[in-house]
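Take a look at the structure below.
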Amino acid sequence: MLIGHLTVEFSLDGNDNLKAKRRVANSLKQKTRNRFNVAIAEDGTENSLTRLRLSVISLSNSERHLRSRMDKCQLMMEAVAGEEMVDASLEIYAAD
């Protein structure tokens with residue numbers, strides 16, 4: 001079993017309130033969950049109004065399938081977000 005962990009960070013330039021940040025985060029999380037059936041949550045940027053980091057987790061028996069799913073997930077998030085994606089990284093772990 002393989003675990004894929006995709007971390008995506010967005011810059012929310014000009015954002016000055018928590019409500020606007022939550023709107024962006026909830027929209028991205030819902031669209032990602034619905035399309036790819038993955039677990040997703042905000043990760044470590046809860047106190048920042050200008051940064052949003054999301055962690056996406058998925059499981060698979062095939063590394064190729066897992067990489068493909070996570071790459072498509074990243075591309076979709078970048079396409080639908082009105083904010084600038086400043087960083088993205090994918091790590092794959094073997095679960096014993």
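- Residue Val80 is grouped with residue Leu6 when hydrophobic side chains (ILVMFWY) are merged at heavy-atom distances under 4.5 angstrom, including chains of intermediate members.
- Residues Leu66 and Ile3 come closest through the heavy atom pair CD2-C, 3.8 Å.
- Atom CE of Met85 is separated from atom CD of Gln74 by 5.0 Å, given to the nearest 0.5 angstrom.
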Take Met1 and Asn61, measure what side-chain contact (heavy atoms from CB on, under 4.5 Å) needs, and give me the verdict at the end. CA-CA 5 Å; Met1 179 72 60; Asn61 288 328; 3.7 Å; yes
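- Shown here for Leu2 and Ser62, the closest heavy-atom pair between the two residues is CD1-C, 3.9 Å.
- Expressed to the nearest 0.5 Å, how far CZ of Arg69 lies from OG of Ser58 amounts to 3.5 Å.
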The test is side-chain contact (heavy atoms from CB on, under 4.5 Å); show your working for Phe10 and Leu28 and say whether it passes. CA-CA 11 Å; Phe10 293 91; Leu28 280 170; 3.7 Å; yes
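- To the nearest 0.5 Å, atom OG of residue Ser68 and atom CD of residue Glu63 are 12.0 Å apart.
- Shortest non-hydrogen contact noted between Val38 and Val56 is CG2-CG1, 3.5 Å.
- To the nearest 0.5 Å, atom CG of residue Leu52 and atom CD of residue Glu46 are 9.5 Å apart.
- No side-chain donor-acceptor contact under 3.5 Å links Ser11 to the backbone of Val86.
- Looking only at distances, no side-chain donor or acceptor of Asp43 sits under 3.5 Å from a matching main-chain atom of Arg53.
- Here the shortest heavy-atom pairing between Gly4 and Met70 reads O-CE, 3.3 Å.
- With hydrogens and angles disregarded, no donor-acceptor distance shorter than 3.5 Å links the side chain of Lys29 to the backbone of Glu42.
- Side-chain contact check for Gln30 and Asn34: at least one donor-acceptor pair (N or O, by modelled atom type) lies under 3.5 Å.
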Could you walk me through whether Ile40 and Met77 satisfy the side-chain contact (heavy atoms from CB on, under 4.5 Å) test, starting with their C-alpha distance in whole Å, then the side-chain angles of each, then the deciding distance to 0.1 Å, before giving a yes or no? CA-CA 12 Å; Ile40 183 169; Met77 291 173 77; 4.1 Å; yes
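- Here CG of Asn17 is found 10.0 Å from CZ of Arg22. Values are rounded to the nearest 0.5 Å.
- Atoms CG and CG, from Leu12 and Leu49 in turn, are 8.5 Å apart once rounded to the nearest 0.5 Å.
- Residues Asn15 and Glu83 are not in side-chain contact: their nearest non-hydrogen atoms beyond the backbone lie 4.5 Å or more apart.
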